[in-house]
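All heavy atoms count here, side chains included; hydrogens, waters and symmetry mates do not. Just so you know, ligand 1 is whichever comes first in the structure, and atom 1 is the first atom listed for that ligand.
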Amino acid sequence: MKFGGTSVGSPARMKEVARLVTQGGEPVFVVLSAMSGTTNELVEMSNRLYKKNTEGAHEIIDNLEQKYLVHINELYSTEEYRHAMRLFLNERMNYLRSFTDDLFTSFEEKNIVAQGEILSTTMITNFLCEQGIKAALIPALDFMRTDKNAAPDQFYIKEKLATIMTRQHDKQVYITQGFICLNAYGEVDNLQRGGSDYTASLVGAALPADEIQIWTDIDGMHNNDPRVVENTAPVRQLHFEEASELAFFGAKILHPTCVQPASVAGIPIRLKNTMQPNAPGTIINNHLEHGKVKAVAAKDNIIAIRVESSRRLGSASFLRKVFEVFESYQTPVDMVATSEVGVSMTIENTNRLNDILDELGSYGSVSVERNMCIVCVVGDLNRNTLGNIALITTAIQRIPVRMISYGGSDYAISFLISQDDKAEALRSLSKVLFQNKES
Ligand code: ADP
Ligand code: ASP
Ligand code: MG
């Protein structure tokens, strides 16, 4: 069971988490995010240290400490636990204060942002113990590790976790930190923002669990982005591939890569709402509802790059050379479209954009468009399910489309449009695809 930031965002919410994890009677492994807002504060603290503003960084620590002191008073009922937790908080805050602007790199930043999950897991484990529940804190840094490519080392995670679990076999609730890990060099690192979902899926696959539950602040995956479109509805069931596409193309409820470990292990993922625990949520498994369009997602801040070859594309090595440029700058390409004269691609990561554009220049004329958005429609879009693609393109007929991608999978069609047109595109797709239809 994984609980996100809002789900552990206050002492009252933490008490509800304690209730939910103990109600089933079976042993449960729990993955927790930091309390909502905390990771952002820690990122901001690091930004201030990068800018040599130590005083500003300390201001953030002081405010955090005051907030957590209030939470501690509210969460525990005994002075014994309040005292123990205050000592722990004080030690963590002094650790944060030990960072200065002398030498501040991403190494220091990662140690700082890890503290949010370390605090929330310690608070809830202690609360469960205060309630007389057999709970154990299993530090993520003892088993969660990435390899030299920054990908989780699933073999290591499985081995380590198995050893830990045999030693700790008599507990009711096992708790660990989402998001944080060690990297291949043994340094504290993380699985990127929103990465606690990924931790949950990796742990669920490694144990293995019967089911992976992602508890958040909404009743499952909705058929469109609820932050942009009104009257979205929960989708009750998704195929692993459908959920992967939605997560990758911007449905924030799931971290982009978190479906993969569960899908490989064949373990269903259930999305549940902490605010309405009895709502059915969404189940993600191997079942595919034939011919059905399930949901729409969108991803902002996309850059489109077009390279037009001075020669005909018939030159067999043109595409290889173009893609090697992206590979050499470790920049993944999301969408691709080719024609006789050139190729268009999209990227999200702009860290090496200037180098990439410089090198691409030697293969043809290069143009760039920023502030683009990928809109992705997901469902059973197999070529034999006639009619869906026509319906989707009709829905966005008034919107200028820069690229289309279909055929990379049977579960998605993606369009590249300007970010300014996103809201209209999403609303129009909802109207045509889902209005007056049961999800
Ligand atoms: P947590 O802190 O629990 O990880 P997140 O904020 O990361 O929660 O994800 C939940 C949020 O994702 C929802 O509150 C909602 O605003 C947003 N969201 C975006 N697209 C979707 C979607 N298709 N279905 C459900 N929620 C979505
Ligand atoms: N606390 C981390 C974040 O805010 C990880 C997570 O919540 O999933 O990004
Ligand atoms: Mg999240």
Side-chain angles (χ1 to χ4, degrees), residues 1-10 13 16-17 20 30-44 46 109-110 112-121 140 144 176-181 189-203 213-236 238 242-259 269 271-276 279 281-282 284 293-300 375-379 422-423 426 429-430 433-434 439:
M1 298 173 85
K2 175 261 174 176
F3 294 86
T6 323
S7 303
V8 296
S10 67
R13 304 269 21 119
E16 175 63 2
V17 168
L20 289 168
V30 179
V31 174
L32 300 177
S33 288
M35 295 180 83
S36 56
T38 298
T39 311
N40 285 349
E41 297 280 333
L42 295 171
V43 169
E44 175 56 23
S46 306
E109 177 177 6
K110 283 166 179 166
I112 288 175
V113 297
Q115 300 310 311
E117 271 72 10
I118 289 175
L119 281 169
S120 66
T121 48
M144 190 57 68
T176 197
Q177 297 90 13
F179 179 57
I180 66 175
C181 61
D189 209 322
N190 60 62
L191 303 171
Q192 311 292 329
R193 295 302 305 269
S196 297
D197 301 334
Y198 201 13
T199 306
S201 182
L202 289 161
V203 168
Q213 299 184 348
I214 309 279
W215 288 78
T216 181
D217 57 2
I218 188 164
D219 52 347
M221 179 73 78
H222 276 219
N223 57 13
N224 209 328
D225 192 330
R227 297 165 298 180
V228 181
V229 178
E230 282 172 19
N231 301 322
T232 57
V235 181
R236 294 296 169 221
L238 287 167
E242 294 175 321
S244 285
E245 298 282 357
L246 287 168
F248 183 72
F249 285 110
K252 191 190 169 219
I253 186 169
L254 283 176
H255 179 270
T257 50
C258 95
V259 179
I269 302 178
L271 307 178
K272 293 281 286 177
N273 187 357
T274 335
M275 319 291 162
Q276 274 176 270
T282 300
I284 303 167
V293 177
K294 291 291 188 69
V296 179
K299 184 149 93 165
D300 289 329
V375 172
C376 181
V377 182
V378 167
K422 170 175 122 173
L426 294 190
L429 282 161
S430 259
L433 297 171
F434 308 127
S439 296

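Contact annotation: Gly5 has no heavy atom less than 4.0 Å from any atom of ligand 2.
Each of the following atoms of ligand 2 lies closer than 4.0 Å to a heavy atom of Gly195: 5 (C), 8 (O). Set against the non-hydrogen atoms of Ser33, the atoms of ligand 2 under 4.0 Å away are 6 (C), 7 (O), 8 (O). For ligand 2, the atoms closer than 4.0 angstrom to any heavy atom of Arg193 are 3 (C), 4 (O), 9 (O). Numbered from 1 in the order shown, with element, the atoms of ligand 2 that lie under 4.0 Å from a heavy atom of Ser196 read 5 (C), 6 (C), 7 (O), 8 (O). Of all atoms in ligand 2, listed by their number and element, those nearer than 4.0 Å to a heavy atom of Gly194 are 3 (C), 5 (C), 6 (C), 8 (O), 9 (O).
Sorted by chain and number, the residues within 4.0 Å of ligand 1 by heavy atom are Lys2, Gly4, Gly5, Thr216, Asp217, Ile218, Gly220, Met221, His222, Asn224, Asp225, Pro226, Arg227, Ala251, Lys252, Ile253.
If you run side-chain contact (heavy atoms from CB on, under 4.5 Å) between Val229 and each of Leu426, Leu429, Val296, only Leu426 comes through.
To the nearest 0.5 Å, the span separating NZ on Lys2 from OG on Ser33 amounts to 4.0 Å. In this structure, CD1 in Ile253 is found 7.5 Å from CG in Asp217, a value given to the nearest 0.5 Å.
Qualifying side-chain hydrogen bond (donor to acceptor under 3.5 Å, both in side chains) partners for Ser244, counting only residues two or more places apart in sequence or in other chains: none. Looking at residues two or more places apart in sequence or on another chain, you find no side-chain hydrogen bond (donor to acceptor under 3.5 Å, both in side chains) involving Ser120. Every side-chain hydrogen bond (donor to acceptor under 3.5 Å, both in side chains) that His222 has, sequence neighbours left out, goes to Asp219, Thr232.
Within a 6.0 Å radius of CD in Glu44, other residues, nucleotides and ligands contribute more than 12 heavy atoms.
The shortest distance between side-chain heavy atoms of Asn223 and Leu433 does not fall below 4.5 Å.
Only side-chain heavy atoms of Glu117 come within less than 4.0 Å of ligand 2; its backbone N, CA, C and O stay farther off.
The shortest N or O to N or O distance between Thr39 and ligand 2 is below 3.5 Å. In terms of N/O distances under 3.5 Å, ligand 2 is not approached by Lys2.
Panel note: side chain Ser201, backbone Cys258; a donor-acceptor pair is recorded below 3.5 Å.
Of all non-hydrogen atoms in Thr216 and Asn273, the two that sit nearest each other are O-OD1, 3.3 Å.
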